[in-house]
2 protein chains.
Amino acid sequence: MVKKTREESLATRESLLAAALQVFRERGVAHTRLSDVAERAGVTRGAIYWHFKDKAELFQAVCARGTLPVEALLAEASQSAQRDPLATVRQLALMALAQLAQHPDTQAMFDVIFHKCEFTEELAPVVAKNDADRAACLSQVQSLFEQAVACGQLPPTTDTFLATQGMHAYMVGLMHEWVLNPRSYDLAACAEPLLDCYLSGLAIRPPVCRPAAG
Amino acid sequence: MVKKTREESLATRESLLAAALQVFRERGVAHTRLSDVAERAGVTRGAIYWHFKDKAELFQAVCARGTLPVEALLAEASQSAQRDPLATVRQLALMALAQLAQHPDTQAMFDVIFHKCEFTEELAPVVAKNDADRAACLSQVQSLFEQAVACGQLPPTTDTFLATQGMHAYMVGLMHEWVLNPRSYDLAACAEPLLDCYLSGLAIRPPVCRPAAG
DNA sequence: ATAAAAGCATACATGCACGTATGTAAATTT
DNA sequence: AAATTTACATACGTGCATGTATGCTTTTAT
């Protein structure tokens, strides 16, 4: 009872990813023993070393699967009509928060990313991908803010770079803190008012500073 | 050349804390070897085990020293006159960001806390203190927002709980992201416009949802 | 049907970081 | 001045997670 069919092998891989996400959340990535992951998945360490090179590659695969939905949102939004750029940003943020509020796996994902993981050089590929994703997201949002200024939705004095930094920080902070206490408030219900609060501030009194060179 | 005077001993302890902060930032807390910390401080592991029980206690001491300034700000603000509650919140946030922008040790602290540390059960005391500090901070800010509503600085419909969550998330997000790229923009110069943007939104269109039971 | 390869399980070797035990010299105490 | 404690350095033993090597079936290709 050793060798499985191709289909069963993929199932094993999936259960390994699911088990890894759970154990990472419970023990932290660095403190997780691959034997724990294997046990949780109902296999041995041999299976892990067959599917992945080491823990870093396993973590990378877990992250890749977890960030897929959010990236899909961004890609979808980039193709939508840009008649109302601010609404696009709003929708983007709402979808992201809804995804977090509704899917336990996404919550586990961000819990690990934010609180159960050390971004050191051994996880360099994950860090690089995170940086690239963030840069792409920031760039896309800033572009939308620039269009909003052009449309007259935001004041001409708006520093779109800072506005983007603030928006991104707000989203990161909301997710960072909410996953610590998902029961502290109903994120799905409160996402709209929370977002509209910041976006209203943006329209009324946008940031006007200059980014530093460097 | 072994035994030092009491004064020198305290100096050794300080240099251990400083070295630990550096190494934690470079390698991550979990991956840090106490031998690295000792070497960086110019002593041996024996010195660490004399001053601290283990790595967890060392990390706890590092955190305690690092969060002192921020706690001092909160304590100071709680005693100030409350004629202008919103201005108090604003000042509080500005001081915190200024502290981060100006002090390299504070930047290292938050870099470790946000990106180089796994909050698992082995660091339970630190987690507990973090939770307590956050709860105290949130409670204090919400109280100020409630006073702001009473003063007429914020609309009567304001959900002060959500406003506090949003404010806290904003601050956390700003610090979380800025320490990743301190040179991306001048935090000291941009803190004011960034904060005023959110506070303006709060005054114009405050969140009105209800927190969930639980 | 036979060969090759996939999909793991099992066994083994290795290093490394930890905690402790002990040594030791200077600094206190009395 | 003797005794005691302090503040480390050094040496030692230990476990444990890792990576690899190998074995064993069952698929899949031919």
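All chains are named by letter (A, B, ...) in the order of the sequence lines, taking the proteins before the strands, and each is independently numbered beginning at 1.
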Got a sec? Which of residues 120-128 of chain B come in under 4.0 Å of DNA chain D, heavy atoms?
none
Counting only heavy atoms and a strict 4.0 angstrom limit, can you tell me which residues of residues 58-65 of chain B come near DNA chain D?
none
I want to check one thing: is the phosphate of [N], taken as OP1 and OP2, less than 4.0 Å away from some side-chain N or O of [X]?
X: A/W50; N: C/dG7; value: yes
X: A/H51; N: C/dC8; value: yes
X: B/S9; N: D/dC8; value: yes

Close N/O contacts between protein and nucleotides 28-30 of chain C (under 3.5 Å):
| residue | atom | partner | partner atom | Å |
| --- | --- | --- | --- | --- |
| C/dT28 | OP1 | B/T5 | OG1 | 2.5 |

Is A/R90 paired with A/E192 through a side-chain N to carboxylate O contact shorter than 4.0 Å?
yes
On the 0 to 90° scale, with breaks at 30° and 60°, tag the B/F161-A/Y185 ring pair as parallel, tilted or perpendicular.
perpendicular
For nucleotides 11-17 of chain C, give me every protein contact, N/O to N/O, under 3.5 Å, one pair per line with atom names.
| residue | atom | partner | partner atom | Å |
| --- | --- | --- | --- | --- |
| C/dA17 | OP1 | B/R33 | NH1 | 3.2 |
| C/dA17 | OP2 | B/R33 | NH1 | 3.4 |

Can you tell if the side chain of [X] reaches within under 4.5 Å of the side chain of [Y], non-hydrogen atoms only?
X: B/H51; Y: B/S9; answer: yes
X: A/F145; Y: A/P206; answer: no
X: A/D111; Y: A/F24; answer: no
X: A/H103; Y: A/M109; answer: no
X: A/L17; Y: A/F52; answer: yes
X: A/L21; Y: A/R25; answer: no
X: B/Q165; Y: B/L138; answer: yes

Salt bridge (Lys or Arg N to Asp or Glu O under 4.0 Å) between B/E14 and B/R65, intermediate numbers included:
CA-CA 10 Å; B/E14 284 303 307; B/R65 199 182 62 160; 2.7 Å; yes
Between [atom2] on [N] and [atom1] on [X], what's the gap in Å once rounded to a whole number?
X: B/K53; N: C/dC18; atom1: NZ; atom2: C1'; answer: 13 Å
X: A/E14; N: C/dC8; atom1: CD; atom2: P; answer: 13 Å
X: B/L10; N: D/dT6; atom1: CG; atom2: P; answer: 14 Å
X: B/E57; N: C/dG19; atom1: CD; atom2: C1'; answer: 14 Å
X: A/F52; N: D/dT20; atom1: CZ; atom2: P; answer: 17 Å
X: A/E8; N: C/dG7; atom1: CD; atom2: P; answer: 11 Å

Working to the nearest 0.5 angstrom, can you tell me the gap between B/L97 CG and B/L92 CG?
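CG of B/L92 is found 10.5 Å from CG of B/L97.
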Nearest-nucleotide comparison on DNA chain C, the residue closer to the 5′ end among B/D54 and A/A47:
A/A47
Single hit among B/R40, B/H31, B/K116 for side-chain hydrogen bond (donor to acceptor under 3.5 Å, both in side chains) with B/E26:
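Per the side-chain hydrogen bond (donor to acceptor under 3.5 Å, both in side chains) rule, the option paired with B/E26 is B/R40, out of B/R40, B/H31, B/K116.
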Within 6.0 Å of CD in B/Q102, more than 12 heavy atoms from elsewhere
yes
Please enumerate all residues that pass side-chain contact (heavy atoms from CB on, under 4.5 Å) together with A/T5, with sequence neighbours excluded.
A/E7, A/E8
Search all heavy atoms of A/S15 against all heavy atoms of A/A41 and return the closest pair with its distance.
O-CB, 3.8 Å
Please report the shortest heavy-atom distance between A/Q107 and A/A101, naming the atom on each side.
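Smallest heavy-atom distance, with atoms named: NE2-O, 3.3 Å.
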Residues of residues 15-31 of chain B with any non-hydrogen atom less than 4.0 angstrom from an atom of DNA chain C: list those, numerically ordered, please.
none
